[in-house]
Amino acid sequence: MKKSLYAIAGALALTTFPTLSVAQDSPLSFNVALSSDYRYRGISQTRLKPAISAGVDYALPGGFYVGAWASSIKWIDDAGGDSKAEVDLYGGYKGEISKDFTFDVGVLQYWYPNAKTAAWNAVYKNPNTTEIYGGLTFGPVTAKASYALTNLFGNYDFTNNKDTKGSYYLDLSAGFDVGGGVTLTPHVGYQKVANLKVANYTDYSLTVSKDFSGFVVSLAAVGTDADKSFYVPGAFANSTKFLGKNGVVLSVKKTF
């Protein structure tokens with residue numbers, strides 16, 4: 001049974017996933033990006049094809065923040081649905097525990113407008129997903145955990161009639177300034193999909209990025225040990241590509 005909805009659905013979302021990035025002189029910021037692939041937790045959301053994304057962030061007084069981010073995707077169409085976009089709505093709170101030791105907690109809603117169709121409903125659950133998250137940063141290192149309050153991107157154990165609420169993702173990453181305006185970001189993560197063992201996997205990446213007059217260019221080597229028969233496009237895509245294959249992702253992002 002290949003209910004690979006988490007794979008095709010969507011921490012490190014390489015090059016494009018929303019991160020709070022607020023300009024120093026304003027609480028409001030915007031970002032746009034182009035990438036050669038939209039990888040989320042190591043899995044391609046665009047069938048290994050390019051993606052375009054954009055977002056907005058607003059820093060509220062006292063450490064609170066809200067934001068929205070959207071990207072082009074292919075996985076809904078590939079699974080028989082009717083949505084070509086992912087829209088993420090999020091809000092949270094950042095604070096300082098001590099010098100160089102901070103925390104970040106919040107909630108994130110993944111929304112896929114008009115995704116459900118008759119063909120979709122015949123096979124899959126609602127792809128919209130709500131997660132809560134919490135992270136700790138000490139110096140250059142960040143550890144983060146995300147926990148699903150709903151089915152995870154429509155994943156469901158239809159054989160045993162069990163949902164995937166309670167799925168979680170653990171993320172460990174760091175950012176190192178190696179000189180010349182270049183940042184090196186190693187990452188490793190683990191996705192646990194509740195009641196669906198075949199969907200569990202580890203992802204890893206190494207990203208090099210540099211700011212060129214406000215345009216951040218990133219090059220990431222990414223891979224996973226995900227199940228190669230499970231993490232494939234949907235039947236409507238007529239494709240058996242492994243969406244978690246080792247690869248390189250190039251991205252250009254502008255924040256203003």
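Note that this is a predicted model, so its numbers are computed, not measured.
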Parallel, tilted or perpendicular: rings of F64 and Y93 (30°, 60°):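 If you compare the ring of Y93 with that of F64, the planes turn out tilted.
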Y168 (side chain) donor-acceptor with A194 (main chain) under 3.5 angstrom: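 Not a single qualifying donor-acceptor pair exists.
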Single hit among D104, T102, T185, T137 for side-chain hydrogen bond (donor to acceptor under 3.5 Å, both in side chains) with T142: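 Only match with T142 under side-chain hydrogen bond (donor to acceptor under 3.5 Å, both in side chains): T137.
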E86 side chain to Y40 side chain, donor-acceptor N/O pair below 3.5 angstrom: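 Result is no, nothing qualifies.
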Exceeds 12 heavy-atom contacts within 6.0 angstrom, atom CG of N160: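 Yes - once you tally the heavy atoms of other residues, nucleotides and ligands closer than 6.0 Å, there are more than 12.
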Identified side-chain hydrogen bond (donor to acceptor under 3.5 Å, both in side chains) counterpart of Y156 within the set N161, T164, D163: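 Of N161, T164, D163, side-chain hydrogen bond (donor to acceptor under 3.5 Å, both in side chains) with Y156 is met by N161 alone.
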Whether over 12 other heavy atoms sit under 6.0 Å from K228 NZ: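 12 or below, so no.
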Side chain proximity check, N151 to N126, heavy atoms < 4.5 angstrom: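 Not in contact.
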Short side-chain to backbone donor-acceptor contact, T117 and G80, under 3.5 Å: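 It does hold such a pair.
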Between Y90 and Y133, ring centroids under 6.0 Å: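 Ring-ring flag for Y90/Y133: false, centres at least 6.0 Å apart.
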Ring centre gap for Y110 and W75 strictly below 6.0 Å: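 No: the rings miss the under 6.0 Å criterion.
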Side-chain (D203) to main-chain (T224) donor-acceptor, under 3.5 angstrom: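 Checked: no pair found.
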